[in-house]
Visitor: 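This is the structure, below, for whatever I ask next.
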Amino acid sequence: MSTTPCRVVVLISGSGSNLQALIDGQHNGSLAINIEAVISNRADAFGLERATKASIPAEAIEHKNFLDRDSFDQALIQKIESYKPDLVVLAGFMRILTSDFVRQYSGRLLNIHPSLLPKYQGLHTHQRALDAKDDIHGVTVHFVTEELDGGPPIIQAIVPVLENDTVDTLSKRIQVQEHIIYPMAVNWFANKRLSVNENQVLLDKEPLPVNGHQIDSRD
Ligand code: NHR
Ligand code: GAR
C-alpha cells in the first residue's frame, strides 16, 4: 500500500544529528516522510548545512531579532504554515514555545528530551543524572504540550550510567538511542498508528504505558 508521505517540518538549534537520522530514514525508504523544511533559531546551526546537503529548504529565523517570544513564535508559525506540515518535529530545538504555538500544532508536535521523563525536565539533564548518582538514564520522545517537557511520552530508551561516565560519554551513549527511537516514533505517526487523546497516547488504538513504549538498551 502506498500513500503520500507525511509532510514534516523539523525545528533545530544546533548540530542536527537527530535531523540527520530522519533524513537518512527518508532517503533509505524506511520512513514514510518527506521533510519539507528545516528551520533553526540560530543561523550558525550545523543542521542547516545537513538540510542543504540533502536538498531540503533550510531557513534561519533568529529569535534574537524579535522583541518577545510571542512575535518570534508568530513568525515561526507563518513560516511553518507555508510548508503545510502534517507533523512538526523539535530536534534539539532550544526555545520554549508559547501556548499559541503549541495549540496550533496540538497532537502533531513531537520533541525528544534527554532524560527519562518525568525525571529531569528542563536543561542540563546529563549533569543532573550524574550528580544524583543515578544508575540509569535515558531519553524520551513525547508529544509537546504547554507544560514544558510535560507532554505524554511515546517512547523511552533506557541506558546504563557507567562508572567514570562524564556528560560527554553519557550523552554519546544516549544519542545512539535517540537516533533509533526518534525515527521509530516519527514513523508510527507517519503511518497513522499514533494518536493522543487528553494525555493518553494510543498506538494502534491501544493505550501506551504512562512512560511510553520502553526500550532497554541493557537487555
Ligand atoms: N515548548 C513547550 N511549550 N513545551 C515543551 O515541552 C517544549 C517547548 C519547547 C522546547 C524542548 C525542551 C527539551 O527537550 C522543548 C519542549 C529549551 C528549554 C529552555 O529552557 C527548555 C526545554 C526544552 C528546550 N530554553 C531557554 C529559553 O529561554 C533557552 C536556552 C538556550 O537557548 O540554550 O527558551 O529540553
Ligand atoms: C539531543 O541530544 C537532544 O536530546 C537534546 O539536544 C540534542 C540535540 O542534538 N535536546 C535538548 O536538550 C532539548 N532541550 P542534535 O542537534 O544533534 O539532534
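Since this is a predicted model, take the numbers as computed values, not measurements. In what follows, every heavy atom counts, from backbone to side chain, and hydrogens, waters and symmetry copies are set aside. Ligands are counted one by one from 1 in listed order, and the atoms in each one are counted from 1 as well.
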Visitor: Please state which option from Glu146, Glu147, His124, Arg69 has its nearest heavy atom closest to atom 28 (O) of ligand 1.
Guide: Arg69
Visitor: If you take all heavy atoms of Pro114 and Thr125, which pair is closest and at what distance?
Guide: O-OG1, 2.7 Å
Visitor: Does the side chain to side chain contact (heavy atoms under 4.5 Å, CB included) test come out yes or no for Ser15 and Arg50, once each step is laid out?
Guide: CA-CA 9 Å; Ser15 151; Arg50 297 182 190 267; 3.3 Å; yes
Visitor: Non-hydrogen atoms of Gly122 versus ligand 1: any pair closer than 4.0 Å?
Guide: yes
Visitor: Do Asp134 and Lys119 make a side-chain contact, defined as non-hydrogen atoms from C-beta onward lying under 4.5 Å apart?
Guide: yes
Visitor: Does ligand 1 come near enough to Thr98 that some N or O of the ligand is less than 3.5 Å from an N or O of the residue?
Guide: no
Visitor: So if I count the atoms of ligand 1 from 1 in the order they appear, which ones are less than 4.0 Å from some heavy atom of Arg42?
Guide: 32 (O)
Visitor: So, are Arg7 and Asp86 salt-bridged, with charged N and O less than 4.0 Å apart?
Guide: no
Visitor: Please state which protein non-hydrogen atom is closest to atom 17 (C) of ligand 1 and give its distance, to 0.1 Å?
Guide: Met94 O, 3.3 Å
Visitor: Write out the residue and atom name of the closest protein heavy atom to atom 6 (O) of ligand 2, then the distance separating them to 0.1 Å.
Guide: Gly92 CA, 3.9 Å
Visitor: When you measure from atom 9 (C) of ligand 1 to each heavy atom in His142, Arg95, Gln121, His113, which option holds the nearest one?
Guide: Arg95
Visitor: In ligand 2, which numbered atoms sit nearer than 4.0 Å to a non-hydrogen atom of Met94?
Guide: 11 (C), 12 (O), 13 (C), 14 (N)
Visitor: Would you call the rings of Phe93 and Phe72 parallel, tilted or perpendicular if under 30° counts as parallel and over 60° as perpendicular?
Guide: parallel
Visitor: Suppose we measure from atom 6 (O) of ligand 1 to each protein heavy atom; which comes out shortest, and what is that distance?
Guide: Asp149 N, 2.8 Å
Visitor: For a quick test of reading the model, state the closest non-hydrogen atom pair linking Val161 to Ile136 and the distance between them.
Guide: CG2-C, 3.8 Å
Visitor: Would you mind finding which of Thr145, Leu97, Val102 brings a heavy atom closest to atom 4 (N) of ligand 1?
Guide: Thr145
Visitor: For atom 7 (C) of ligand 2, what is the nearest protein heavy atom, given as residue, atom name and distance?
Guide: Gln175 NE2, 4.0 Å
Visitor: Quick one: nearest non-hydrogen protein atom to atom 7 (C) of ligand 1, plus distance?
Guide: Leu148 CD1, 3.5 Å
Visitor: Ignoring hydrogens, just give me the one of Phe72, Phe93, Phe143, Phe101 whose non-hydrogen atom is nearest atom 24 (C) of ligand 1.
Guide: Phe93
Visitor: Which option, Asp73, Asp100, Ile96, owns the non-hydrogen atom nearest atom 19 (C) of ligand 1?
Guide: Ile96
Visitor: Are Gln26 and Asp24 linked by a side-chain donor-acceptor pair shorter than 3.5 Å?
Guide: no
Visitor: Minimum heavy-atom separation for Arg218 to Pro160, with atom names?
Guide: CG-CD, 3.7 Å
Visitor: If the contact criterion is a heavy-atom separation under 4.0 Å, does Gly16 count as touching ligand 2?
Guide: yes
Visitor: Of the listed options (Leu109, Leu11, Asn111, Val144), which comes nearest to atom 11 (C) of ligand 1 when hydrogens are ignored and any heavy atom counts?
Guide: Asn111
Visitor: Examine Phe46 and Leu48 and state if one hydrophobic cluster contains both, with Ile, Leu, Val, Met, Phe, Trp and Tyr joined whenever side-chain heavy atoms are less than 4.5 Å apart.
Guide: no
Visitor: Measuring from the heavy atoms of Ile112, does anything fall under 4.0 Å of ligand 1?
Guide: yes
Visitor: Just distances here: any N/O of His113 and N/O of ligand 2 closer than 3.5 Å?
Guide: no
Visitor: Kindly give the heavy-atom pair with the smallest separation between Leu110 and Val144, and that separation in Å.
Guide: C-CG2, 3.9 Å
Visitor: What protein heavy atom is closest to atom 1 (C) of ligand 2, reported as residue, atom name and distance in Å?
Guide: Glu178 OE1, 3.1 Å
Visitor: For His113 and Gly122, which heavy atoms make the closest approach, and how far apart are they?
Guide: CE1-O, 3.0 Å
